[in-house]
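Bear in mind the structure is a predicted one, so any value in this text is a computation, not a measurement. Position 1 is the first residue of the sequence, and the numbers go up from there.
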Amino acid sequence: MDFKYLLVSLLFSIGQFSMAQNFTGTVWDSQNNRPLPEAHVIPRHGKATYTDANGNFQLSVPKEGTTLTISYMGYKPIEQWVSPTDTPARFLMQEAPIEVGAVMVTGNAHTDPVFAEATNDYVKKIVQPRNVADLFDDLNGFSLIKRGNYAIDPSFRASQYEQLNVQFDGGTKAMHACPNRMDPITTHVIPEEIEKIEIIKGPYTVRYGATFGGIVNLVTQKPGADDYGLGGSVQGGYESNGNSWVTMARLQQATEQYDIAGNFGLRDFGNYEDGDGVEIPSSFRSLDYGLRLGYNFTENQRLQAHWRQSYGRDVLHAGLPMDTEKDNSSVFSLDYTLNGRNGLIKALDAKAYYSYVDHLMTNAQRPTFMMVDAVSAVDAVTAGGKVELELKPTENLNLFTGVDLLHIARDGQRTRLVKRNAMGPLATPMEFTDKVWQDSYIDDYGVFVEGNYPINPKTLVTAGLRYDGVVSETQDPEADFAALYTDLDRRTEHNISGTASIKYAPSSRFLMEVAYGRGVRSANMIERFINHLSVGQDPYEYVGNPNLDAEVNNQFEVGFKGKIPLEGKGLDQFNYGSSFYYSFYENYIVALIDPSQNRKFMPMQEPTSVKVFRNLNDAYKTGVEVNAGVDFLNDFNFTTELSYVYAKNKDLGESLPLVPPLTTRFKLGFEKEKFWANATYTLTSKQDHIASSFGETETEGYDILDIRLGFVPIKNLTLGLAALNLFDKTYHNHLNFAFNNQADFDSVPINDPGRNLSAFVQYNF
C-alpha cells in the first residue's frame, strides 16, 4: 500500500478515536415552538453538522467537552459549552433581524450586496509578497497588472486603477504620485499588516466613496480580547529566484482600555529569472514601519490613530521608461467609532486621513540616457474624511447616511538635459523643464444614504443613493496645453449613483442575490491633465482632456452560493457558488489616436501622432465566476475555480483593454492544527480578444503548479516551504506590460518568474 494513503487512514482513525463520545440535541424556534431544520451546528473541536427536518442532530465531542456554536439565518447564534451525555439537549433560538456592521469592519456576507471576503493568512502562503497586490494573486476574478516586481496593480473583472475603489480600514487612501503608476496604493501598506481583504464586486453600495467597478477594502489587524498583554512576532523569508529576502517584526501591548502596536519590515528583492533563465530587471529594496494607538473610552466607543511610512529605493521597472530612485510615503489616519446605542441613532463612525508621496525617477540605467538625462521629481497629496450615522427609524429598518470628502493634488516637473540630437553630440547640453502634473487637483464631495430592510428572516432588501460634486482644476498649465484647451477654468461635475439589491436565504445552506448598481466615475488626473507623456503600454505620447464626461457603469448581477452535507465514504461537505454579471457603459474613457496632433518630444520618432483621451458610448462587459469544492476525510479539501470576462468596444470594433483570459484553478489541500499542505494548478487560456488600439498583442495560454507546506514543530514556531512554478515554465500573463526602454529586450511582454523555491519562519511571543 502507498505510504501516503496509509498515513491518511491512520490520521483519520486517530481523529475518529479521539472524538468517540456521542452527543445529540434538537434546535427549536423559541417563539413559534417549531423545529429548525438545517441549522448549522459547529463544535470548536470536532466535525460540524446540520439539523434534520425535525431539528435533530448528532455529533461527536471530546470526552473533556467543547464549545458548541449553533447558527441559523435570521436568528441570534447560540454559543454554549457541552459535554458528552446520554440525554438529548434542547436549544431554543430567538429571532433577530439582519443588521449591518459598522464602517470600521465593513464586510458582512449576509447584508452587503455581492460581497466576498478572503483571509490573508500569509503564514500559510509562505511566498513573500512584493506588495499588497500579491495578496490578490489567487483570488477568483482577480488578475495582476505587472510592470516588474514592485509596481503591481490588482485588476478585478477587467476593472483597474481608479475604476476600482481600493482603500484600507474602511476609507483611508494613498494615491500614486508617478504618472506611470510606479507607486500605486498597494506599495504604501505593509502586506503582513493586512488581516483580510473585503470585496464588493461592483457598484452595489454607496457608503464608501464613488465606486465604478467595485470596492476593495484592506482590513489591517486589530487586537481582540485574546491579544491582551504584551506580545508580538518576528519572521523572515527567503526566495531562491532573485536571491530575495524579507524580514518583519511586530510588537503589541493591549488591554481592555488601550492598545499600542508597532511594526517594522525590510524587503530586498533581486532580479528574477524566467523559465528560460533570462534575467528580468526587477530588483528593489523597501523599508516600512508603522505605529497604531487605540483607546476604548467605553465598551462601545473607540478612538484609533494609525501612522505608517514606507520607503522604496533603487526600483527597476522592466515595463516602464524610467526607474524609481526613491519613493517615500507617509500616511496618517484617525478613526472614531461609537456603536451599540439605543434610540434613533444607533452608531456613529468618523474618519480623517492624510497621505503624502514623494517620488523621484530617472533614466540613468536606460539606453536613452546617452541622449537625454531625464529626472522627474513629483509628489502627491491625498486627504479626506467621512462621517456616517447608522439610524434605526423602525425595528427592522437600518439606514446609513453621511458625507465624505476626497482631495487629490499632484505637482512636479521633469528636467531633461539633452546631450545629443539627430545631428550628433551637443557641445553644450541643453536643459528643459516639463510640467508633469501642471499643479492639478481633484476634489470629490459626497453625500449618501443607504438602507437595509429584512422583509422576513430569509429576505433582505438594500437600496442606496449617492451624490458627488467633483471639482477639478490645473493651476499651472503648460503653454501648449492651455492653447489646446482655452477654457481651463475650474470645473464642477454633478454625479448621481445608486444601487438596489435583494438577498434571499431559504436555509442556512443556500444564499442567492440579485443586484443592480449605477457607478459613476469622473476622469482621473492622468485622463484630464497629462501632457505629452508616455503613460500607456504602447509608445504613444498621451494628452489629457479636462472636458471628459464622467463614465457610468450600469451593472446587473445574479449570484448564489451554498453547501450540501455529504454522508459516507469519507465525504463531509460540498460547497459551490457562482456569479453572473453584465455591464453596459456610458461615456467610457479611452485614449484614441489623434492624427491632428504631433509628438512633442523626439518628434521624428514613430509614432509621430499622439493619443488623446475621449469618451465612447457603445461598450459593454459580461462575465462569470464559478467555484465548487468538497471537504473530505475531515482534513482534506478540493476546490476548483473559474473566472471569465468578455468585453467589447463597439465603437472601435475590438475588446476593451486589459481584459484577462479565461482562468481556471484546481486546489487540493490538507490541514491539521500543526501541519498543512496544498497544491494549486492554474490553467490560463490564450487571449486573442484584444484591444489593438491600446497596444495589446495576443498571448498564449499556460499552466503552472505551485506547492506549499508548513508545520509547527514547537509552540509558537511556524516553518514553511514552497515551490512555485514547479516545472519551471516560461510564460507571461496577458496583463503584463511589455519591456520599455531596455537595452537587452525588444518590446515584448515581460515574462513571469520561473521556478521559485521559498522558505518562511515565524515566531510568536
[X] vs [Y] side-chain heavy atoms within contact, under 4.5 Å:
{"X": "Thr186", "Y": "Pro154", "answer": "yes"}
{"X": "Val357", "Y": "Asp379", "answer": "no"}
{"X": "Arg755", "Y": "Leu724", "answer": "no"}
{"X": "Ile194", "Y": "Leu135", "answer": "yes"}
{"X": "Phe168", "Y": "Val219", "answer": "no"}
{"X": "Ile408", "Y": "Leu406", "answer": "yes"}
{"X": "Gln235", "Y": "Phe760", "answer": "yes"}
{"X": "His317", "Y": "Met182", "answer": "yes"}

[X]-[Y] side chain donor-acceptor pair, cut-off 3.5 Å:
{"X": "Asp752", "Y": "Asn733", "value": "no"}
{"X": "Tyr272", "Y": "Asn149", "value": "no"}
{"X": "Glu279", "Y": "Asn271", "value": "yes"}
{"X": "Gln257", "Y": "Asn296", "value": "no"}
{"X": "Asn756", "Y": "Asn241", "value": "no"}
{"X": "Asn165", "Y": "Gln167", "value": "yes"}
{"X": "Asp183", "Y": "His176", "value": "no"}
{"X": "Gln762", "Y": "Thr718", "value": "no"}
{"X": "His188", "Y": "Ser329", "value": "yes"}
{"X": "Gln160", "Y": "Ser155", "value": "yes"}

Working to the nearest 0.5 angstrom, can you tell me the gap between [X] [atom1] and [Y] [atom2]?
{"X": "Lys173", "Y": "Thr382", "atom1": "NZ", "atom2": "OG1", "answer": "9.0 Å"}
{"X": "Ile750", "Y": "Leu320", "atom1": "CD1", "atom2": "CG", "answer": "7.5 Å"}
{"X": "Tyr228", "Y": "Gln253", "atom1": "OH", "atom2": "CD", "answer": "11.5 Å"}
{"X": "Met175", "Y": "Ile185", "atom1": "CE", "atom2": "CD1", "answer": "7.5 Å"}
{"X": "Asp169", "Y": "Ser333", "atom1": "CG", "atom2": "OG", "answer": "6.5 Å"}

Legend entry - salt bridge (Lys or Arg N to Asp or Glu O under 4.0 Å) evaluation trace for Asp268 with Arg285: CA-CA 5 Å; Asp268 191 339; Arg285 294 179 294 114; 5.4 Å; no
Ring centres under 6.0 Å, that's the criterion: do [X] and [Y] meet it?
{"X": "Tyr289", "Y": "Trp307", "result": "yes"}
{"X": "Tyr295", "Y": "Tyr258", "result": "no"}
{"X": "Tyr354", "Y": "Phe332", "result": "no"}

Inset, instruction - Let me see the working for Asp138 and Arg665 under salt bridge (Lys or Arg N to Asp or Glu O under 4.0 Å), right down to the final yes or no. - result: CA-CA 8 Å; Asp138 59 353; Arg665 292 185 182 91; over 6 Å; no
Lys/Arg N to Asp/Glu carboxylate O, [X] vs [Y], below 4.0 Å:
{"X": "Arg250", "Y": "Glu193", "value": "no"}
{"X": "Lys146", "Y": "Asp153", "value": "no"}
{"X": "Glu162", "Y": "Arg181", "value": "yes"}
{"X": "Asp259", "Y": "Arg292", "value": "yes"}
{"X": "Asp635", "Y": "Lys672", "value": "yes"}
{"X": "Asp288", "Y": "Arg308", "value": "no"}

Inset, instruction - Would you confirm whether Arg157, through its side chain, and Lys201, through its main-chain N or O, come within 3.5 Å as a donor-acceptor pair? - result: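 Judged by distance alone, yes, a pair lies under 3.5 Å.
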Legend entry - salt bridge (Lys or Arg N to Asp or Glu O under 4.0 Å) pairs, two or more places apart, involving residues 324-333: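 Pairs touching residues 324-333 that pass the test: Lys326-Asp358.
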Legend entry - Ser330 vs Gln309, side chain to side chain donor-acceptor pair (under 3.5 Å): CA-CA, chis, key distance, verdict: CA-CA 4 Å; Ser330 299; Gln309 288 192 304; 2.7 Å; yes
Inset, instruction - Kindly indicate, with the supporting measurements, whether the criterion side chain to side chain donor-acceptor pair (under 3.5 Å) is fulfilled by Gln573 and Asn575. - result: CA-CA 7 Å; Gln573 181 171 269; Asn575 307 290; 2.9 Å; yes
Inset, instruction - Could you pull out all residues at least two apart from Asp572 that satisfy side chain to side chain contact (heavy atoms under 4.5 Å, CB included)? - result: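 Partners of Asp572 under the side chain to side chain contact (heavy atoms under 4.5 Å, CB included) test: Lys47, Asp631, Asn634.
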Inset, instruction - Please assess Thr172 against Lys351 for the test side chain to side chain donor-acceptor pair (under 3.5 Å), listing each intermediate value before the final yes or no. - result: CA-CA 8 Å; Thr172 303; Lys351 171 185 284 290; 3.0 Å; yes
Legend entry - Neighbour count >12 (heavy atoms, 6.0 Å) for atom CD, Glu256: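 12 or below, so no.
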Legend entry - Parallel, tilted or perpendicular, as decided by the 30° and 60° cut-offs, for the rings of Phe666 and Phe638: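 The arrangement is parallel - the two ring planes meet at less than 30°.
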Legend entry - Whether Phe269 and Phe284 hold their rings parallel, tilted or perpendicular, with breakpoints at 30° and 60°: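 Ring orientation of Phe269 relative to Phe284: parallel.
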Legend entry - side-chain contact (heavy atoms from CB on, under 4.5 Å), paired with Ile199, selected from Leu139, Asn217, Ile215: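 One option only clears the test, and that one is Leu139.
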